[in-house]
Amino acid sequence: MKNLFALVDCNNFYVSCERVFQPKLKGKPVVVLSNNDGCVIARSEEAKALGIAMGTPYFQYKDLIERQGVYVCSSNYALYGDMSGRVMSVLAQCVHQIEVYSIDEAFLFLSDTGPVISTEYARQIRVMVKRWTGIPVSIGIGPTKTLAKIASKVAKKKPDCGGVFDITDHSDADQLLDGVPVADVWGVGRQYAKFLNHRGITTALHLKNAPDRWVLKHMTVMGLRMVLELRGISCIPLKTTPAPKKGISVSRSFGKSVEALDNLKEAIATYTTRAAEKLRADHLIASCVTVFLMTNMFSDGPRYANSLTAECPIPTSYTPDLIHLSHQLLERIYRPGYRYQKTGVIFTGLVPEDRIQLNLFTPASSLDRNQELMHTVDRINGRWGSNTIFFAAAGIKQPWRMRRSMVSPRYTTCWDELPVAHAG
DNA sequence: TCTGGGGTCCTAGGACCC
DNA sequence: TCTGGGGTCCTAGGACCC
């Protein structure tokens with residue numbers, strides 16, 4: 001029996017989302033910025049051709065961007081998340097087993113008992129996704145996830161392959177792997193790339209042929225798994241049901257640095273509120289809360305970073321209790337006299353909400369009341385837009401809010417911002 | 001002036017126990 | 001000079017992903 005993986009990868013996903021609703025951006029250089037308009041996190045092909053690199057701070061390109069007329073978008077995750085869901089639901093209709101790997105990627109499992117394994121079928125999937133969502137994708141096929149990943153990169157680069165590349169069809173896969181820089185292998189990041197290059201392992205083929213024991217010693221079992229996958233031995237199975245979450249966190253950099261404890265408390269209350277919403281959406285309660293804060297680690301000036309974790313008296317998803325706890329933690333790590341750049345909250349020890357352990361002093365009825373209150377708040381905010389009801393602790397003016405100066409409308413998730421079609 | 005956010009997994013080393 | 005051995009659990013830190 002033959003089993004294969006296909007990796008479906010949306011091309012320049014965030015840029016493609018913007019282009020679906022702003023067709024004037026087609027064929028033009030476009031970049032999408034991270035939160036706070038910090039760095040470039042997506043680029044159109046035209047922007048890549050101008051030499052704009054991934055992850056580089058926006059301000060470094062301001063001149064180039066102005067000179068070349070590059071169109072700039074602040075990131076709009078409400079839009080991208082919604083578009084992602086649409087792409088994934090099309091894919092789910094095409095195969096029996098799918099792993100949604102990230103906002104813009106999914107692995108499909110192809111076996112000869114399921115849908116037909118063929119580049120022809122993959123091309124049909126591609127056309128369907130484009131027609132139904134407007135998003136262009138590339139598809140790579142291989143005997144392991146790692147090889148499917150490599151194949152998808154080839155699919156993007158080869159002009160004549162129609163967006164689909166099957167590495168198992170390739171007459172000389174080794175020659176192909178020799179053309180792939182080792183840094184492009186899934187699982188090889190900056191540190192390993194430096195280490196490997198230093199030792200003469202510069203291509204995917206070199207890594208494939210590296211001795212097992214040496215790899216195990218220097219790159220742990222993760223490295224060995226990568227090598228075996230390059231050899232066509234599948235070690236990383238498809239995860240069709242998402243693993244239960246281990247943590248939920250919300251953090252943001254400030255639009256400009258913050259010194260006052262009161263402002264930090266507003267920010268922490270805001271992030272805690274958001275994180276608690278996520279908890280309840282997943283029907284979870286948190287046993288532990290961590291709060292962290294830090295100054296800007298890039299700038300000169302005095303630096304300070306700290307974090308503190310505490311256990312909840314009883315695991316909960318009740319926003320007021322969580323804000324109370326995170327404020328206590330913040331006050332304990334706050335030091336006056338620093339210009340803070342970022343703070344955040346992390347919930348861990350997540351358990352399903354129906355497994356709540358009562359303690360002796362908390363009557364069950366008050367928990368029910370709290371739960372009902374939160375449920376009502378979530379429903380109202382879900383219906384009328386987030387922050388229709390909010391906690392006073394989050395503040396109103398929020399001078400610390402992040403920058404998002406060039407954000408596009410929430411075309412698909414907000415009634416007031418639907419795209420408008422003009423006749424004639 | 002201006003450098004994202006939210007996750008995962010693995011390992012080494014310390015604490016603790018018998 | 002010279003301080004057991006082996007297991008488990010937890011945490012911090014480091015690597016990675018998109």
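Reminder, nothing fancy here: chain letters follow the sequence lines and each chain counts from 1.
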Roughly how many Å is it from CE in Met222(A) to P in dC17(C), rounded to a whole number?
-> 9 Å
Answer with base, sugar-phosphate or nothing: what part of the nucleic acid does Tyr101(A) contact at a heavy-atom distance below 4.0 Å?
-> sugar-phosphate
Is atom CZ of Arg199(A) surrounded by more than 12 heavy atoms (other residues, nucleotides or ligands) closer than 6.0 Å?
-> yes
Indicate, with a heavy-atom threshold strictly under 4.0 Å, whether Glu105(A) touches base, sugar-phosphate, or nothing.
-> sugar-phosphate
Hey, is the side chain of Gln341(A) poking within less than 4.0 Å of OP1 or OP2 on dC2(B), counting only N and O atoms?
-> no
Answer for the Watson-Crick or wobble partner of dG13(B), both distances under 3.5 Å, is dC10(C)
Which nucleotide sits closest to the side chain of Gln191(A): dC9(B), dA15(C), dG4(B)?
-> dA15(C)
In this structure, OH of Tyr58(A) is separated from SG of Cys39(A) (nearest 0.5 Å) by 12.5 Å
Looking for any heavy atom pair under 4.0 Å, which part of the strands does Ile248(A) touch: base, sugar-phosphate only, or nothing?
-> sugar-phosphate
NA contact type, Gly247(A), heavy-atom cut-off 4.0 Å: base, sugar-phosphate, or nothing?
-> sugar-phosphate
Can you measure from CG (Asp82(A)) to OG1 (Thr413(A)) and round to the nearest 0.5 angstrom?
-> 6.0 Å
Just compare dC17(C), dC10(B), dG7(B) and give me whichever is closest to any side-chain atom of Val221(A).
-> dC10(B)
Is Lys246(A) touching bases, backbone alone, or none of the nucleic acid, heavy atoms closer than 4.0 Å?
-> sugar-phosphate
Does Ser299(A) make a side-chain N or O approach to OP1 or OP2 of dT3(B) shorter than 4.0 Å?
-> no
State which of dT3(B), dG7(B), dC17(C) makes the closest approach to the side chain of Asn296(A).
-> dT3(B)
In whole angstrom, give me the gap between the C1' atoms of dC2(B) and dC18(C).
-> 24 Å
DNA chain B nearest-nucleotide lookup for Ile41(A) and Leu216(A): closer to the 5′ end is Ile41(A)
If you pin Cys39(A) and Thr220(A) to their nearest nucleotides in DNA chain B, which one's is more 5'?
-> Cys39(A)
Considering only dC16(C), dC2(B), dG6(B), which nucleotide approaches the side chain of Tyr192(A) most closely?
-> dC16(C)
Let me see the working for Arg335(A) and Tyr340(A) under side-chain contact (heavy atoms from CB on, under 4.5 Å), right down to the final yes or no.
-> CA-CA 10 Å; Arg335(A) 302 282 176 275; Tyr340(A) 293 102; 3.8 Å; yes
Taking NZ, NE, NH1 and NH2 as the nitrogens, is one of them in Glu277(A) or Arg280(A) under 4.0 Å from a carboxylate oxygen of the other?
-> no
Contact class for Asp104(A) vs. all strands (heavy atom < 4.0 Å): base, sugar-phosphate, or nothing?
-> sugar-phosphate
Base, sugar-phosphate, or nothing: which does Arg225(A) touch, judged by heavy atoms less than 4.0 Å apart?
-> sugar-phosphate
Could you tell me whether Lys149(A) contacts a base, only the sugar-phosphate backbone, or nothing, with contacts defined as non-hydrogen atoms closer than 4.0 Å?
-> sugar-phosphate
Whole-Å distance separating the CG atom of Asn35(A) from the C1' atom of dG4(B) = 6 Å
What does Lys278(A) touch in the nucleic acid at a heavy-atom separation under 4.0 angstrom: a base, only the sugar-phosphate, or nothing?
-> sugar-phosphate
